Chemist: 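Questions regarding the structure given below will be posed in turn.
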Amino acid sequence: MKYASELTGAASSIVRLMDAVQPLPVPTPSLTVVGTGIRAVSQLTLEAVAAMAGAEALLHVIGEPIQEEALLAINPNAKTMTDLYADGLERSHTYEAMILEVMAELEKGKRTVAAFYGHPGVFTYPSHESVRRARAAGFPARMLPGISAADCLYADLGIDPGEGCQAYEATSFLLHLPPVDPSAYLLLWQVGTIGNWTYESAGYDLSSFPILVDALARIYGTAHLATLYEAPFDPRGNARVERMPIASLPSAYLTPASTLLIPPLG
Ligand SMILES: C[S@@+](CC[C@H](N)C(=O)[O-])C[C@H]1O[C@@H](n2cnc3c(N)ncnc32)[C@H](O)[C@@H]1O
């Protein structure tokens with residue numbers, strides 16, 4: 001990584017800064033769950049950098065090469081848990097394996113940090129569950145917020161969730177069809193993996209996506225404009241923003257990083 005040494009230096013300064021700002025020692029063992037933001041390096045918070053730099057065990061679920069290298073520059077102990085995903089394996093099994101890895105480091109007596117991309121508490125099960133299990137086992141545990149894909153979306157698309165905003169995981173939305181308030185924004189997460197419980201590196205079977213589109217068309221009509229959104233992971237990249245009528249969604253290009261925004265009617 002081009003700026004690894006700058007990042008290593010910045011991390012040391014940030015540790016000193018945070019020691020001055022929050023002079024509370026982090027207990028050992030303990031668990032800190034952090035978010036690393038979406039845009040690599042630039043969306044790291046100071047407190048997340050300080051926690052990661054001071055970790056005796058740093059486990060992460062990032063999967064984005066620039067950010068993974070950044071974490072190595074911040075702490076050479078950084079270790080990915082994305083290798084626990086396996087084709088055809090239910091993601092819930094992988095999440096359980098991640099939680100067990102985090103708990104194993106705590107049980108070894110280490111000051112442990114688990115890092116997840118975005119905000120660690122937003123549509124992420126192993127982060128919340130690690131905190132719950134660590135506390136149940138008697139370890140101090142905390143979660144530090146990060147910049148989520150939703151935060152990037154509000155900024156890039158110029159919307160204020162205070163005007164009313166509902167958010168659902170797409171598969172769960174399709175299964176339960178909760179009542180929708182069409183005067184508020186609707187955010188659907190994980191549309192690019194809808195209907196799939198397993199991890200598939202070669203791409204997902206999205207045959208249930210048109211069923212979701214039909215459900216949306218019944219609420220909003222086929223001509224209502226929806227936006228497919230992807231925030232850039234690369235700090236130099238641009239967001240992918242595609243506006244189209246709901247009727248055109250079935251032919252849209254979806255990836256596991258796609259989020260669908262349906263603006264209010266009227
Ligand atoms: C398991 S959730 C993780 C969300 C993450 N914790 C956060 O705070 O953004 C994965 C979903 O987040 C959304 N997502 C992840 N990366 C994104 C990106 N770069 N742009 C837009 N949405 C994204 C997509 O809906 C994706 O299916």
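Remember, it's 1-based here, ligands and their atoms both numbered in the order they're listed. Source: prediction; values computed, not measured.
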Chemist: Counting non-hydrogen protein atoms only, what is the nearest one to atom 19 (N) of ligand 1? Give residue, atom name and distance.
Modeler: A231 O, 2.8 Å
Chemist: Locate the shortest heavy-atom distance separating V191 from L206; write the atom from each residue and the value.
Modeler: O-CD2, 4.1 Å
Chemist: Where is the nearest protein heavy atom to atom 12 (O) of ligand 1: which residue, which atom, and how far?
Modeler: W189 CE3, 3.2 Å
Chemist: If we only count N/O pairs under 3.5 Å, is T259 in contact with ligand 1?
Modeler: yes
Chemist: By number and element, which atoms of ligand 1 are closer than 4.0 Å to a non-hydrogen atom of T124?
Modeler: 6 (N)
Chemist: May I ask which of Y125, Y229, F123, F233 has a heavy atom nearer to atom 2 (S) of ligand 1 than the others do?
Modeler: F123
Chemist: Does an N or O anywhere in V122 fall below 3.5 Å from an N or O of ligand 1?
Modeler: yes
Chemist: With a 3.5 Å distance limit and no angle check, can you tell me whether D151 reaches the backbone of S148 through a side-chain donor-acceptor pair?
Modeler: yes
Chemist: For atom 21 (C) of ligand 1, find the nearest protein heavy atom and state the residue, atom name and distance (0.1 Å precision).
Modeler: A257 O, 3.1 Å
Chemist: Using distance alone, determine whether S148 and ligand 1 share an N or O pair under 3.5 Å.
Modeler: no
Chemist: Please state whether F116 comes within less than 4.0 angstrom of ligand 1, counting heavy atoms only.
Modeler: no
Chemist: So which bit of Y117 gets within less than 4.0 Å of ligand 1, heavy atoms only: side chain, backbone, both or neither?
Modeler: both
Chemist: Take the angle between the ring planes of Y117 and F233 and call it parallel below 30°, perpendicular above 60°, tilted in between.
Modeler: perpendicular
Chemist: How about E230 and T255: does a side-chain donor come under 3.5 Å of a side-chain acceptor?
Modeler: yes
Chemist: Could you label the plane-to-plane angle of the Y85 and Y95 rings as parallel, tilted or perpendicular, counting under 30° as parallel and over 60° as perpendicular?
Modeler: perpendicular
Chemist: In this structure, which one of L44, V49, V113, T45 forms a side chain to side chain contact (heavy atoms under 4.5 Å, CB included) with V34?
Modeler: V113
Chemist: What protein heavy atom sits nearest atom 9 (O) of ligand 1, and how far off is it?
Modeler: A149 N, 2.8 Å
Chemist: Do D87 and Y199 have side-chain atoms, one donor and one acceptor, less than 3.5 Å apart?
Modeler: no
Chemist: Starting from atom 8 (O) of ligand 1, which protein heavy atom do you reach first, and at what distance in Å?
Modeler: H119 N, 2.8 Å
Chemist: Which bit of C152 is near ligand 1, meaning a heavy atom under 4.0 Å away: side chain, backbone, both or neither?
Modeler: neither
Chemist: Compute the minimum heavy-atom distance from A239 to ligand 1 and say whether it is under 4.0 Å.
Modeler: no
Chemist: For a quick check under 3.5 Å, do T32 and R142 share a side-chain donor-acceptor pair by atom type?
Modeler: yes
Chemist: Verify the distance criterion only: is there a donor paired with an acceptor across the side chains of N196 and T198 at less than 3.5 Å?
Modeler: no
Chemist: Working note: E105 + K79, criterion salt bridge (Lys or Arg N to Asp or Glu O under 4.0 Å); need CA distance, chi angles, decisive distance, verdict.
Modeler: CA-CA 12 Å; E105 296 297 350; K79 179 179 174 290; over 6 Å; no
Chemist: For ligand 1, is there an atom lying under 4.0 Å from some heavy atom of P256?
Modeler: yes
